[in-house]
Amino acid sequence: MATILVTGGAGYIGSHTCIALLAADYEVIVLDNLSNSSPEALQRVQKIAGKSLQFIEGDIRDSRVLDQIFAEYAIDAVIHFAGLKAVGESQQIPLTYFDHNISGSINLVQAMQRAGVFRLVFSSSATVYGDAHPSPLNENMPTAMPNNNYGYTKLVVEQMLEKLAASDERWSFALLRYFNPVGAHPTGHIGEDPQGIPNNLMPYITQVAVGKREKLSIFGNDYDTPDGTGVRDYIHVVDLANAHVCALKNRLQQQGCRAWNIGTGRGISVLEIKNSFEQINGVTIAFEFAPRRAGDIATCFADNARAIAELGWQPQYQLEDMLKHSWNWQKQNPQGYR
Ligand code: NAD
Ligand code: WQD
């Protein structure tokens with residue numbers, strides 16, 4: 001079976017993807033600098049999968065480490081999760097984001113070229129559509145400048161990979177545009193473990209539920225949406241992980257650069273998330289309405305028809321599962337991996 005290098009494999013989406021890869025009999029090599037993750041996640045991945053993987057602690061910006069990995073292992077393809085992802089922080093320290101997300105990706109692709117490895121699945125984001133189009137968003141819509149530096153790094157890397165693929169037909173890139181990943185592994189043993197105050201809705205809700213935060217602030221209740229709160233496309237992280245295995249299989253067969261939306265195609269409001277979380281899990285989430293958060297848009301959800309048609313992928317989990325599994329993880333691990 002093929003051997004896959006997974007950068008950022010100890011992180012939230014990477015760890016779930018490692019389980020999916022091991023279940024599909026791939027050999028897995030993880031490179032992660034643990035700047036936003038714990039080695040415990042990979043211990044648990046191996047326990048859940050009943051199989052082992054190789055872990056190398058290192059940075060994608062370090063060419064020496066990359067060259068060593070490509071020399072030691074016969075890597076067939078790369079899944080590239082490593083990077084920084086906090087939108088607000090990217091406005092404070094843009095150069096750090098350009099360094100990890102853009103220079104890091106260039107460094108990785110250069111090392112791949114030196115090693116003769118030409119297949120890569122890239123973690124992109126729905127943020128590359130900017131706020132130029134009404135939802136559902138489809139891949140034929142032109143990308144637009146995101147309104148934050150994090151999103152900008154995703155757009156730059158996407159465009160760079162497109163140009164690279166156009167210059168040399170050996171390259172094969174999948175650009176997976178994630179919508180809003182939530183949920184956790186059904187066992188509750190791995191999940192999202194943000195450092196400090198969570199930026200994203202779901203970990204904030206679970207931290208209120210577990211008593212770590214006092215109340216949820218709902219950012220804006222005057223949007224042009226059915227209940228006035230923001231609408232997003234929440235996708236279960238295990239469905240997202242499975243999309244990577246499907247994209248990998250596709251890329252092992254085909255050349256070029258292709259983008260796929262990975263979402264459920266269903267828009268859900270912040271209030272619906274809060275209310276359903278309470279109902280399904282039997283807990284109360286204290287909340288207040290707060291002003292809109294800078295940079296947020298009213299509505300964002302996917303047209304996922306291309307991924308379903310071309311990748312043979314189909315989301316399996318419902319909103320209820322996302323909410324149940326997020327809570328199951330948080331309840332079992334009130335301090336995350338610590
Ligand atoms: P995460 O922070 O949990 O995982 C990223 C991993 O990369 C972490 O384990 C971190 O330690 C590692 N890392 C960071 N910089 C590195 C470097 N220079 N060298 C080596 N390792 C490094 O984040 P995640 O939610 O799992 O996201 C994975 C990828 O998906 C990221 O590229 C992110 O931008 C993208 N993405 C995430 C979301 C989301 O909402 N979670 C949405 C769209 C896209
Ligand atoms: C969801 C909804 C908020 C927190 C971000 C990035 C995007 C991608 C996914 C990486 C919005 C509301 C949130 C809170 C709230 N990441 N909210 N109170 O903003 O859709 O997307 O994560 O690529 O690029 O921008 O996700 O979870 O932050 O917010 O009311 O405490 O919840 O306003 O409507 P978002 P989110």
Side-chain angles (χ1 to χ4, degrees), residues 6-17 30-39 41-42 56-62 65-66 79-88 90 96-97 99-101 103-105 107-108 121-129 146-148 150-151 153-154 157 176-182 190-195 197-205 207-208 213 215-221 223 225 229-235 237 240-241 244 262-263 267-271 273-274 287-301:
V6 183
T7 75
Y12 172 46
I13 305 167
S15 56
H16 289 84
T17 302
V30 169
L31 171 67
D32 198 303
N33 67 3
L34 302 179
S35 60
N36 197 38
S37 51
S38 162
L42 292 175
I56 295 121
E57 184 173 347
D59 201 292
I60 53 166
R61 295 166 302 165
D62 183 345
V65 169
L66 289 171
I79 304 183
H80 177 31
F81 294 105
L84 305 180
K85 64 164 184 177
V87 169
S90 78
T96 306
Y97 274 70
D99 187 28
H100 285 262
N101 294 10
S103 304
S105 297
N107 204 42
L108 172 64
V121 178
F122 175 60
S123 295
S124 190
S125 167
T127 188
V128 300
Y129 292 109
N147 59 9
N148 62 75
Y150 163 75
T153 67
K154 292 293 172 190
V157 174
L176 297 189
R177 295 176 177 163
Y178 313 160
F179 282 68
N180 289 60
V182 295
I190 63 166
E192 189 169 10
D193 182 19
Q195 295 178 3
I197 301 170
N199 299 303
N200 296 113
L201 178 63
M202 189 61 76
Y204 205 102
I205 288 180
Q207 290 198 5
V208 172
R213 312 268 159 215
K215 61 180 168 207
L216 170 70
S217 295
I218 296 185
F219 300 139
N221 61 348
Y223 283 107
T225 60
T229 66
V231 167
R232 297 290 183 275
D233 185 336
Y234 297 90
I235 172 92
V237 66
L240 178 56
H244 289 78
I262 308 296
I268 298 171
S269 78
V270 178
L271 264 180
I273 290 276
K274 182 199 81 73
F287 80 102
E288 62 180 4
F289 288 116
R292 292 181 180 191
R293 185 173 64 180
D296 275 357
I297 55 177
T299 302
C300 174
F301 62 93

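Quantities reported herein were computed from a predicted structural model and do not represent experimental measurements. First listed ligand is number 1; within each ligand, the first listed atom is number 1.
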Would you mind listing which atoms of ligand 2 come within a distance below 4.0 Å of any non-hydrogen atom of [X]?
X	result
Thr127	24 (O)
Asn199	4 (C), 28 (O)
Ser125	23 (O), 24 (O)
Ile218	30 (O)
Gly230	34 (O)
Val87	6 (C), 25 (O)
Val270	2 (C), 12 (C), 30 (O), 32 (O), 34 (O)
Tyr150	10 (C), 23 (O), 24 (O)

Examine the proximity of ligand 2 to [X] and report which part, side chain or backbone, both or neither, has a heavy atom under 4.0 Å away.
X	result
Phe287	neither
Ser217	backbone
Asp296	side chain
Thr229	neither
Asn200	both

Protein residue, atom and distance nearest to [atom], heavy-atom basis:
atom	value
atom 27 (O) of ligand 2	Leu201 N, 2.8 Å
atom 11 (C) of ligand 2	Arg232 NH2, 3.8 Å
atom 28 (O) of ligand 2	Arg293 NH2, 2.9 Å
atom 35 (P) of ligand 2	Asn180 ND2, 3.5 Å

Could you tell me whether some N/O pair between [X] and ligand 2 is separated by less than 3.5 angstrom?
X	result
Tyr204	no
Val231	no
Phe219	yes

[X] [atom1] to [Y] [atom2] distance, which is reported to the nearest 0.5 Å:
X	Y	atom1	atom2	answer
Arg292	Asn221	CZ	CG	9.5 Å
Ile273	Leu216	CD1	CG	11.0 Å
Ser105	His100	OG	NE2	11.5 Å
Asn199	Tyr150	CG	OH	11.5 Å

Indicate whether the side chain of Ser38 and that of Asp193 have a donor and an acceptor atom separated by less than 3.5 Å.
no

Is the distance between the ring centroids of His244 and Tyr178 less than 6.0 Å?
yes

For Asp59, what residues pass the side-chain hydrogen bond (donor to acceptor under 3.5 Å, both in side chains) criterion, not counting sequence neighbours?
Asn33, Arg61

Using side-chain hydrogen bond (donor to acceptor under 3.5 Å, both in side chains) as the criterion, list what pairs up with Ser125, not counting sequence neighbours.
none

side-chain contact (heavy atoms from CB on, under 4.5 Å) partner of Val231, chosen from Val270, Ile268, Thr225, Ile297:
Thr225

Please find the pair of heavy atoms, one from Gly263 and one from Ile235, that lie closest to each other, and give the distance.
C-CD1, 3.9 Å

I'd like to check Ser123 versus Lys85 (side-chain heavy atoms, cut-off strictly below 4.5 Å). Are they in contact?
no

Would you mind finding which of Tyr178, Tyr234, Phe289 brings a heavy atom closest to atom 2 (C) of ligand 2?
Tyr234

Return the set of residues passing side chain to side chain contact (heavy atoms under 4.5 Å, CB included) with Val182 (not counting sequence neighbours), or none when no residue passes.
Met202, Tyr234, Met322

Can Asp32 and Ser37 be said to form a side-chain contact (heavy atoms from CB on, under 4.5 Å), step by step?
CA-CA 8 Å; Asp32 198 303; Ser37 51; 3.3 Å; yes

Where do Val6 and Thr17 land on the side-chain contact (heavy atoms from CB on, under 4.5 Å) test, with the steps shown first?
CA-CA 9 Å; Val6 183; Thr17 302; 5.6 Å; no

Let's go through Leu66 and Leu31 carefully: what are the C-alpha distance in whole Å and the side-chain angles of both, what is the deciding distance for side-chain contact (heavy atoms from CB on, under 4.5 Å) to 0.1 Å, and is it a yes or a no?
CA-CA 9 Å; Leu66 289 171; Leu31 171 67; 3.6 Å; yes

Whether Phe122 and His80 hold their rings parallel, tilted or perpendicular, with breakpoints at 30° and 60°:
tilted

Identify the protein atoms, limited to N or O, that lie within less than 3.5 Å of an N or O atom of ligand 1, and list each pair with its distance to 0.1 Å.
unit_1   : atom_1 : unit_2 : atom_2 : d
ligand 1 : 2 (O)  : Asn36  : ND2    : 2.7
ligand 1 : 3 (O)  : Tyr12  : N      : 2.8
ligand 1 : 9 (O)  : Gly11  : N      : 3.2
ligand 1 : 9 (O)  : Asp32  : OD1    : 3.2
ligand 1 : 9 (O)  : Asp32  : OD2    : 2.6
ligand 1 : 9 (O)  : Ser37  : OG     : 2.7
ligand 1 : 11 (O) : Asp32  : OD1    : 2.7
ligand 1 : 11 (O) : Asn33  : OD1    : 3.4
ligand 1 : 11 (O) : Ser35  : N      : 3.1
ligand 1 : 11 (O) : Ser35  : OG     : 3.4
ligand 1 : 11 (O) : Asn36  : N      : 3.0
ligand 1 : 11 (O) : Ser37  : OG     : 3.2
ligand 1 : 13 (N) : Asn33  : OD1    : 3.4
ligand 1 : 18 (N) : Asp59  : OD1    : 3.0
ligand 1 : 18 (N) : Asp59  : OD2    : 3.4
ligand 1 : 18 (N) : His100 : ND1    : 2.9
ligand 1 : 19 (N) : Ile60  : N      : 3.0
ligand 1 : 21 (N) : Asn33  : N      : 3.2
ligand 1 : 21 (N) : Asn33  : OD1    : 3.4
ligand 1 : 25 (O) : Lys85  : NZ     : 2.8
ligand 1 : 26 (O) : Tyr12  : N      : 3.2
ligand 1 : 26 (O) : Ile13  : N      : 2.8
ligand 1 : 32 (O) : Phe81  : O      : 2.8
ligand 1 : 32 (O) : Lys154 : NZ     : 2.9
ligand 1 : 34 (O) : Tyr150 : OH     : 2.7
ligand 1 : 34 (O) : Lys154 : NZ     : 3.1

